Every structure is written in structure tokens, then in C-alpha cells.
Protein chains: 2
Amino acid sequence: MRKNAVEQLSEYLAGQGLRSTTQRDQILQVFISAGRHLSAEELYLRVKKPHPNIGYATVYRTLKLLAEAGLADERRFEDGFTRYEYKASDDHHDHLICTKCGAIIEFENERIEALQQDVARKNHFLVQNHKLELYGLCGDCRKKDR
Amino acid sequence: MRKNAVEQLSEYLAGQGLRSTTQRDQILQVFISAGRHLSAEELYLRVKKPHPNIGYATVYRTLKLLAEAGLADERRFEDGFTRYEYKASDDHHDHLICTKCGAIIEFENERIEALQQDVARKNHFLVQNHKLELYGLCGDCRKKDR
DNA sequence: CTACGTATTGAAAATGGTTTTCAATATCAA
DNA sequence: TTGATATTGAAAACCATTTTCAATACGTAG
Ligand SMILES: [Mn+2]
Ligand SMILES: [Mn+2]
Ligand SMILES: [Zn+2]
Ligand SMILES: [Zn+2]
């Protein structure tokens, strides 16, 4: 999976007349092996350890690039940071976000997706993408809360 | 409706040990009579005309205050601005947002809401609030697009 | 393999929406 | 009316992200 992603990036870069660089490969490697829903700063800190000479701006630039290349999804939750998650396939999912501990749970629900299409159709609307986020308390935080 | 909202604000302010001011009332008046989903700057410009001495920061502060008072809903779509809409009752709605012309269509769908609760329940999650936004092309823009 | 045009990089400065600071002013309970 | 303090307007600060710019790395033509 790791090697494949680097190849995927190379192909995208070549196709766009862009260049493969060691920084881009290194950032991608760390990105994939790190946890999901990382902010640019979180990734920067993780990249810094093995590759101390990589700059902040390059991490920002590379994350945007990965999103364009289809290797990452860009997410903006309500915490003021743009977050990215590695995207292996074309599958889509939405999120439950704990307002107390920050935990993020992913889910898919094709019935909701279908109903969204119904809503769109009724309004002569063509959906390109959507965002569904449920904010509240996760199981753990509900227990601790009492 | 207009007078009632000003009263509602006064009651909230009194209850919180805060003060009623002419600026707050004036901003609320303009806010209600203006269109929906306004950014702070849009409201500021509208407020400026009848009340040229009101400051930028006061508009920002008052919008946050109206949200706390339950008189406004805060929305963050994907355009980088926080937007506010007047909230008369406790009803909830979601949005279709045209990526071409910026049109915003509101909708309610209780079947989707119910399914969201199902998802939450399955994940031992207690939903406090949620965000559902469908981005794409509105009817008009679909026609023009061909 | 080498040279050259240019894409990319890192550091620092800039950007832009929003928030904070601060001295002057307004509110309101006593 | 007075005094304690909440609020205001203007300007500065904040802060995530983007841009600038000179130095460097990439990759292809030769
Ligand atoms: Mn996710
Ligand atoms: Mn709305
Ligand atoms: Zn939690
Ligand atoms: Zn449109």
C-alpha cells in the first residue's frame, strides 16, 4: 500500500508536468503511516522527526497536492484546522465528532445518501459533494459525564 | 416580529447581567430586515448606511451575542466566511449550496434526521447538533452550464 | 553525461477573517 | 446624580494558511 501510493503520486505528477521530489515522497510516506484526520501542523511535526530539513510550507503545499491527486481528502470540521485523511479508494464516508475529547468516528449510510439525492432532485439540484457531520458526545465521554 | 426580537434580546441581556445598547438594537433591526445567511461584513455594510458611527468590531460582537441569545444561527459554509441567519423558532434546517452562483436553498428532511439518530445510536453517540450541506449546481446554473 | 529551463524548496513575510486591546463613553442600580 | 462597570470604536493583534523570492533540484534535450 505504501509503495503503491508513491507510484500513484508519481504518475499524477508526470501527467501534470510536475516533478517528483524527495520531499513529496517523504511527506506522503509519513502521511500514510500516521493517524487519520491530521492537520498540516500535526503532519509537519511528524515529518520533522525523520526529515528535519523539510519546511512548513512544503507540508501545506504537499497536502493540497495529495488532495488534487486524489490521494487525500480534505476535511474542515469545526475546530479551525483543515484536516486531511489518506484515501485509498473512491469510497465515501461521513463523521461523528466528539465535542469533548475530539474523537472522530467514521460511518457510511447509503439510505441517508439516497435521501440526499431525493432532496436534491426535488430542488432541481445536482450534488457534486456533501458534508454530513454529527457533533456530540462519544460513548466514553457520555459515561464520564454523569 | 421585529419588536419581539428586540424584546427577546433585552430579556437575554438582563438575565445575563449585560446591558442593552442602542448599537445592539440597531444591529438586530438591520439583521432581521436583511437577507439570510449574512456574513459579518455584509451586515456591517448594511448597518453602516443608517448608522454610520457603528464600528466593525461591534457588529462581530453583536452577531456572536445574538447566537448566544438564540436569536441567530451561526453557519460556516466552505467560502471562508462565518454567516448568520435570523432564527425565529427552534426549528432546524439544512442547506443546498450552489458552487457556481452561491445560491443557498434550505430544506428539512425528518427521514434523514431519523437515520442520523440511528447512526448515532449504533455508535453509542449522543448528538448535540449536526451539519448537512449538499454542494453542487442549482437549477439555474445547470441550465446555463450546458 | 551535461547543460539548461523551470518546477520546487525553505524561510520569512503577507494575507484575511476574526478577535483583542485600550481609552473613552454609556448603562443602570443604588 | 453618582459610581461601578459593561460597551464601544479604532487600531493592533491573532493565527491558520498562502505567497514571495532567491537558492536549489529535477528531468529532458542535445
Ligand atoms: Mn474520515
Ligand atoms: Mn439557513
Ligand atoms: Zn469523546
Ligand atoms: Zn447556482
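Letters A, B, ... are given to chains in the order of the sequence lines, protein chains preceding strands, and every chain is numbered from 1. No experiment lies behind these values; they were computed from the predicted model shown.
Inter-residue side-chain proximity for A:Phe107 and A:His93 is flagged as unmet; no heavy-atom pair is nearer than 4.5 Å.
The nearest whole Å value for the distance from the CZ atom in A:Phe77 to the P atom in D:dA16 is 17 Å. For the pair A:Leu38 CG and D:dA16 P, the computed distance is 16 Å after rounding to whole Å. In this structure, B:Asn53 places its CG atom 14 Å from P of C:dT25, rounding to the nearest Å. Rounded to a whole Å, the OH atom of A:Tyr44 is 14 Å from the P atom of D:dA16.
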Residues 59-66 of chain A side chain polar contacts: donor-acceptor under 3.5 Å, at least two apart:
| from | atom 1 | to | atom 2 | distance (Å) |
| --- | --- | --- | --- | --- |
| A:Thr62 | OG1 | A:Thr58 | O | 2.7 |

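A salt bridge is defined here as a Lys NZ or Arg NE, NH1 or NH2 lying under 4.0 Å from an Asp or Glu carboxylate O, and B:Lys131 with B:Glu133 meets this definition.
Take the nearest nucleotide of DNA chain C for B:Arg83 and for A:Val59: the residue whose nucleotide is more 5' is A:Val59.
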Taking protein heavy atoms under 4.0 Å as touching, what does nucleotides 18-30 of chain D look like 5' to 3' if B marks base contact, S marks sugar-phosphate-only contact and - marks none?
BBB----BBS---
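Identified under the salt bridge (charged side-chain N to carboxylate O under 4.0 Å, His left out) test for residues 36-47 of chain A, with sequence neighbours left out: A:Arg36-A:Glu85, A:Arg36-A:Glu106, A:Glu42-A:Arg83.
Nucleic acid contact class of A:Thr82 (heavy atoms, under 4.0 Å, all strands): sugar-phosphate only.
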Going through the distances and angles, do B:His95 and B:Ile105 end up as a side-chain contact (heavy atoms from CB on, under 4.5 Å)?
CA-CA 6 Å; B:His95 299 89; B:Ile105 303 166; over 6 Å; no
